[in-house]
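Just so it is clear, the values below take in all heavy atoms, side chains as well, and ignore hydrogens, waters and symmetry mates. In the text below, chain A, chain B and the rest are named by the order of the sequence lines, each starting its count at 1.
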Amino acid sequence: MSLINVTVDGAQRSVEADQRPTQIFAEDKEIVVCKINGALKDLWTDLVDGDVVEGISISSPEGLSVLRHSTAHVMAQAVQQVFAQTRLGIGPPITDGFYYDFDPQNPFNPDDLEKIESAMRKIVKDGQRFKRRVTTEADALKELAHEPYKCELIGIKGGGTDETSVEVGGTELTIYDNLGRDGQPVWSDLCRGPHLPSTKHIPAFKLMRSAAAYWRGSEKNPMLQRIYGTAWPSQDELNAYLELLAEAEKRDHRRLGQELDLFSFPEEIGSGLAVFHPKGGIIRRAMEDYSRKRHEEENYDFVYSPHLTKAALFQKSGHLDWYSEGMYPPMILDEELHADGTVRRAGQQYYMKPMNCPFHNLIFQSRQRSYRELPLRLFEFGTVYRYEKSGVLHGITRARGFTQDDAHIYCTKEQMPAELDSLLTFVLNLLRDYGLQDFYLELSTRNPEKSVGEDSDWEEATEALRKAALAQGLETVLDEGGAAFYGPKISVQAKDAIGRTWQMSTIQVDFQLPQRFELEFAAADGSRQRPVMIHRALFGSIERFFGVLTEHYSGAFPPWLAPVQVVGIPVAEAFADYLSDAIKKMKAAGIRAELDSSDDRMQKKVRNAQMQKVPYMIIAGEEDMNSGAVSFRYRNGEQKNGVPIADAIAEILATISQRTQV
RNA sequence: GCCCCCCUAGCUCAGUCGGUAGAGCGUUUCCAUGGUAAGGAAAAGGUCACCAGUUCGAUUCUGGUGGGGGGCUCCA
């Protein structure tokens, strides 16, 4: 057997010509796939003289993708084993896992998933080899004649999107055969690969859920059944992932909203419409009060506008043309009908407002404006109603009625760059004040197909946004062509305590509305000029931000936001009066303090306060009473005994005013 | 909006293969007076989401409506 020279992980080596990476990396079980001359390949790939080979670990991003993709194959095989008449869609790896779309005889139910999972375990145990086979379009179409979706993919080979490219991307059309113990194919799938060497290289996986998904993501296409799964390099990592999910579930704002008595969605009101309970109300008010204060400091003017308007306003703004699907249907007032039900006198149509901007424009327009007034910043906690599709509603973060911390800034073109810059600083600092620390920015630029406004305006505004973003020193992701048709925008993405990202604030330049409303101001030279309009919301919506903070803090709000800041717990009833005095002093100092005077035992009171995530428990017994002190029990279980009442009050007030977490 | 799943006491959930229901927590009352995450007892509390259909009889089966969950799509 002749020798060939290859480079393995940077080192020159001579190997037998029939050696494959699977043998070269045999001693390292972590290596499940490799790069040959920079391209990701199966370990079974034949090598030729001069190849540069690099082992890829199962734990690397590429290795994980291959693991998950191969697990998706195993799942597809299992599904066709258990449900023979099932047709295959596509099955790509995704963040933390994979999915595969199927067209089954009947939709899957949870029992089916268990059956599929155990079939998968058998396939994994079998150690079936993934064998790549190059085919031609004609052969593939013949071989896969019973798989209509696969045939469709063959037709679009090369031009596929990210997802379909997993199946048919690249220059060659390939099929992967799973070989059984006897070396004969037991199952095959159209696939670009690469794959793990064999199914036994799947260390840990779990099927998560089944759901429906439109074929190739379009509402017009048939609906397939998608099964989501996850796969990891080790059982430990799988367990850690499942724990993270459990943790996320524990912090779910919908659950905490119930447990902490913050808000609810009474069925009588309607889907997506929340009521805030007293405790939720306190948090919300604290959020709003602080925001209001900061807006005052930033020279915003506070305005109010009604929740309803005649149709004319939204005709003028254009919302009825391009947003009517998102609006509640009109109320028709003063309509007069003939006896037969036909209209004798047309009524007046009123709409619930889905946006505040048209109202603010009317305020701008209510009199002649001078350049001396600019930038004019009109702020409102504006409650809007949007008829969101029922399937998108999600607790308080995606509701049908919600309140935006909305402002519209009218300024000159010259003022725009400085305004955007200071605005972004304001936004980020405010979010930091609420406890979010980790941000990145997303800059959405023009989609030339779908936009209004002058090229030069777009360039100027985009450039101003880009500079403002750059000045923050934060990672900025470009969302090419992602802007709304009326202007470019920056959105602030924030990471929460367990690393999930939430889109928070948006800053949006608008070239359309000033035109439609013919907004003008008198410039220094006496000419009439059109102002630049900037839409911005920092929380997005108060409800949504409330939900994000609830999940971020897992319900353990920092004292300045906590609905109850202090619970007083007497060791026994005999000390209740003493502690009651201390609590009164705290209340007088502006602290939200309550005495637990129930006849529970103190242990139970501690437990209750702990479960309500109250920041401070103030306990008093004989020792404390004799020395005019109280004892702290903090949320983390730590305690501090014998603190003079005045010191205790000072400590609590300090964390409230500094908005620190405890 | 689409697909699948769910709706039983204030909350979290059992249960009834069709004969109108249970637990724990919570609530109320009583007894206990207790130094850091559940003291004890009793009581109250349900048109089994709603409306139809099938049936001698429906919380249970079927259909519809409402609400919720997971996804898809959407989120200007």
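Using a 4.0 Å heavy-atom criterion, one finds that A:Ala484 contacts the sugar-phosphate atoms exclusively. Among the atoms of the strands shown, none is found under 4.0 Å from any heavy atom of A:His319. Using a 4.0 Å heavy-atom distance criterion, A:Asn608 is classed as making no nucleic acid contact. No engagement by A:Ser218 is indicated, since no non-hydrogen atom pair under 4.0 Å with the nucleic acid exists. Counting non-hydrogen atoms under 4.0 angstrom, A:Tyr486 reaches the backbone sugars and phosphates but no base. Residue-level contact check: A:Gly272 touches the backbone only, with heavy atoms under 4.0 Å from sugar-phosphate atoms and none from bases. Note on A:Val392: a base of the nucleic acid sits closer than 4.0 angstrom, heavy atoms only. Looking at heavy-atom distances under 4.0 Å, A:Gln603 makes contact with sugar-phosphate atoms alone, never a base. Among the protein residues, A:Arg209 comes within range of the sugar-phosphate backbone only, with heavy atoms under 4.0 Å from sugar or phosphate atoms but none that close to a base. Across all strands, A:Arg398 comes closer than 4.0 Å to base atoms (heavy-atom distances). Note on A:Gln508: only backbone sugar-phosphate atoms sit closer than 4.0 angstrom, heavy atoms only; bases stay farther off. When heavy atoms are screened at a 4.0 angstrom cut-off, A:Glu622 is found touching base atoms of the nucleic acid. Nucleic acid contact for A:Gln225: sugar-phosphate only, since backbone atoms but no base atoms lie under 4.0 Å from a heavy atom of the residue.
Comparing B:G1 with B:U27, their C1' atoms are spaced 42 Å from each other, to the whole Å. Here the separation of B:G53 from B:G68, taken at their C1' atoms, is 25 Å to the nearest Å. Using C1' as the reference atom, B:C11 and B:G46 are 14 Å apart when rounded to the nearest Å. Nucleotides B:U65 and B:C25 place their C1' atoms 33 Å apart, quoted to the nearest Å. Only the P atoms considered, B:C3 is 25 Å distant from B:C50, to the nearest whole Å. Remark: the separation of the C1' atoms in B:C48 and B:U36 is 42 Å, to the nearest Å. On the C1' atoms, B:A9 is 14 Å away from B:G15, given to the nearest whole Å. Comparing the same atom, P, in B:G19 and in B:U62 gives a spacing of 15 Å after rounding to whole Å.
Ring planes of A:Phe539 and A:Phe545: parallel class, angle under 30° (limits at 30 and 60°). Using cut-offs of 30° and 60° for the angle between ring planes, the A:Phe546 and A:Phe276 rings count as perpendicular.
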Quiz item: Just the dot-bracket of RNA chain B, please: which string comes out with Watson-Crick or G-U pairs under 3.5 Å, [ ] for crossing, | for another strand?
Solution: (((((((..((((.....[..)))).(((((.......))))).....(((((..]....))))))))))))....
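Of the N and O atoms on the side chains of A:Thr506 and A:His535, not one donor lies less than 3.5 Å from an acceptor on the other residue. A donor atom on one side chain and an acceptor atom on the other are found under 3.5 Å apart for A:Thr655 and A:Tyr616. With 3.5 Å as the limit, one finds no donor-acceptor pair spanning the side chains of A:Ser598 and A:Lys604. A:Trp502 and A:Asp496 are linked by a side-chain donor-acceptor pair at a separation below 3.5 angstrom, with hydrogens and angles left out of the test.
Looking at residues two or more places apart in sequence or on another chain, you find no side chain to side chain donor-acceptor pair (under 3.5 Å) involving A:Gln315. Here A:Arg446 pairs with A:Asp455 under the salt bridge (Lys or Arg N to Asp or Glu O under 4.0 Å) rule; sequence neighbours left out. Legend: residues meeting side chain to side chain donor-acceptor pair (under 3.5 Å) with A:His307, ordered by chain and number and at least two apart, are absent. When the side chain to side chain donor-acceptor pair (under 3.5 Å) test is applied to A:Glu651, the partners found at least two apart in sequence or on another chain are A:Tyr634, A:Lys640.
With a cutoff of under 4.0 Å to any heavy atom of chain A, the contacted region of RNA chain B is bounded 5' to 3' by B:G1 to B:A76.
Comparing A:Ser271 and A:Ala572, the nucleotide of RNA chain B nearest to each residue sits closer to the 5' end for A:Ala572. Residues A:Gly637 and A:Ser324 both approach RNA chain B. Their nearest nucleotides, taken by heavy-atom distance, put A:Gly637 toward the 5′ side.
The shortest heavy-atom contact between A:Arg87 and A:Pro148 is CD-CD, 3.7 Å.
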